[in-house]
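Naming convention: chains lettered A, B, ... in sequence-line order (proteins, then strands); numbering from 1 in each chain.
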Number of protein chains: 2
Amino acid sequence: METKTALLNAAERASRTHGYDGFSYADLAREVGIRKASIHHHFPGKADLALALINRYRGNFEQALVDISAKQNLGGAKLQAYLDAYRAGMSGGKTMCLAVAFSIGRESLPEAVVKELHTFHQSGIAWLSELFELGKQDNSITGVSNPEFEAAACLALVEGAQLQARAADDLARFDIAVSALQQRINL
Amino acid sequence: METKTALLNAAERASRTHGYDGFSYADLAREVGIRKASIHHHFPGKADLALALINRYRGNFEQALVDISAKQNLGGAKLQAYLDAYRAGMSGGKTMCLAVAFSIGRESLPEAVVKELHTFHQSGIAWLSELFELGKQDNSITGVSNPEFEAAACLALVEGAQLQARAADDLARFDIAVSALQQRINL
DNA sequence: GTCTATAGATTGATAGAC
DNA sequence: GTCTATCAATCTATAGAC
């Protein structure tokens with residue numbers, strides 16, 4: 001594997017468990033097996049690393065949403081797949097979504113990363129809006145009033161559910177927090 | 001004002017904007033107007049400071065919930081007051097709930113603080129459970145099935161809504177994310 | 001209770017050899 | 001592309017004078 005990719009993998013794992021301010025070049029060097037100084041060849045500064053990280057993450061995430069859209073037809077089925085994917089990405093409750101991890105370190109982040117963070121949320125909400133619009137029309141999600149509001153609420157719900165699971169170190173917290181939404185899925 | 005209190009105030013503000021790993025004794029010293037070394041007289045280590053911080057925060061938060069319970073009779077009115085209080089505590093979107101800020105830095109926190117974090121969530125969910133149970137009985141909140149699930153979902157929702165508002169630096173994101181829940185309030 | 005002085009470790013980052 | 005060596009800055013923390 002490319003050293004650059006290995007560094008991104010290590011940085012993603014580290015920032016999703018410790019936050020942006022909670023990991024260092026020394027941590028990455030240890031994990032990848034090179035020296036601290038060598039990292040600067042691939043990413044001149046930590047800001048460059050953070051930007052590459054959120055960029056790759058957003059790309060992967062959006063691709064996952066496209067895949068779900070292609071595979072599932074009903075709105076409710078898409079929602080179920082979304083919740084499953086989000087849950088699976090938590091590594092048993094040990095890691096957070098990168099967007100959540102970065103949101104806390106916002107003040108330490110370069111402007112460009114904050115912008116990416118914003119775009120990430122925007123595109124996620126846009127995708128969820130279509131999902132709820134569809135679920136309303138095909139009757140596979142019950143009680144949908146305003147799809148846009150539902151989308152924003154859904155994103156907030158999964159991010160908050162993730163925080164609870166992490167604080168308690170118990171993935172079941174995630175399931176409990178999303179179960180009311182899940183019960184509205186009508187397949 | 002007591003120096004100790006001033007330090008706690010500074011530490012709360014700092015950790016709620018930068019996270020636990022994002023502030024230092026130097027920051028507090030600058031804000032309070034004493035030297036770094038003097039802080040150790042009041043809080044021997046950063047771990048002691050963190051514990052005192054979450055402890056005070058939890059006490060204040062629980063008192064606020066008691067006040068709401070005393071002032072409002074209907075479940076829906078309590079819920080509205082809860083959302084208002086949570087929103088007001090965000091300082092216009094610049095700060096997060098301490099529990100959210102600490103959840104990210106979990107790995108850096110001493111065991112005792114993690115335990116407090118857990119208790120904080122537990123008591124919050126317990127209070128919300130009673131609220132939804134009441135709202136179901138007095139018909140002031142619509143569509144309540146399982147009060148416990150609703151409580152966990154509500155806590156996740158406000159925490160996630162807060163993250164979105166912070167990431168976008170726009171308090172309106174909070175309002176949008178909670179509006180679907182708010183529309184279920186039937187007074 | 002606050003100060004100066006200082007310690008030892010760690011931070012992100014750079015220069016230059018190989 | 002990776003290394004050694006080194007940098008200045010910052011981190012939490014301690015000792016001891018006042």
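Between A:K4 atom NZ and D:dT2 atom C1' there is a gap of 16 Å when expressed in whole angstrom units. The distance from atom CZ of B:F43 to atom C1' of D:dT14 is 18 Å, rounded to the nearest whole Å. The nearest whole Å value for the distance from the NZ atom in A:K46 to the C1' atom in C:dT10 is 12 Å.
Neither side chain, B:Y57 nor B:E116, offers a donor N or O lying under 3.5 Å from an acceptor on the other. For the residue pair B:H121 / B:E159, a side-chain donor-acceptor distance below 3.5 Å is found, with atom types taken as modelled. A donor-acceptor pair shorter than 3.5 Å cannot be found between the side chains of A:E150 and A:N146. Side chains of A:S108 and A:D21: a donor-acceptor N/O pair is present below 3.5 angstrom, by distance only. At a cut-off of 3.5 Å, with distance as the only test, no side-chain donor of A:E2 or A:H42 sits close to an acceptor on the other residue.
Within the 4.0 Å cut-off from OP1 or OP2 of C:dT2, at least one side-chain nitrogen or oxygen of B:T3 is found. Dashed line: the shortest gap from a side-chain N or O of B:H41 to OP1 or OP2 of C:dT2 is not under 4.0 Å. The side chain of A:H40 places no N or O atom within less than 4.0 Å of a non-bridging phosphate oxygen (OP1 or OP2) of C:dA15.
A heavy atom closer than 4.0 Å to some atom of DNA chain D occurs in B:F23, B:S24, B:Y25, B:A26, B:K36, B:A37, these being the qualifying members of residues 14-39 of chain B. Of the residues in residues 104-111 of chain A, not one places a heavy atom less than 4.0 Å from an atom of DNA chain C.
The existence of a salt bridge linking A:R56 and A:E12 is confirmed by a sub-4.0 Å separation between a basic side-chain nitrogen and an acidic carboxylate oxygen. With respect to the salt-bridge test (charged N to carboxylate O, under 4.0 angstrom), the residues B:E62 and B:R58 qualify.
Residues passing the ring pair (Phe, Tyr, Trp, His ring centres under 6.0 Å) test with B:Y20, sequence neighbours excluded: B:F102.
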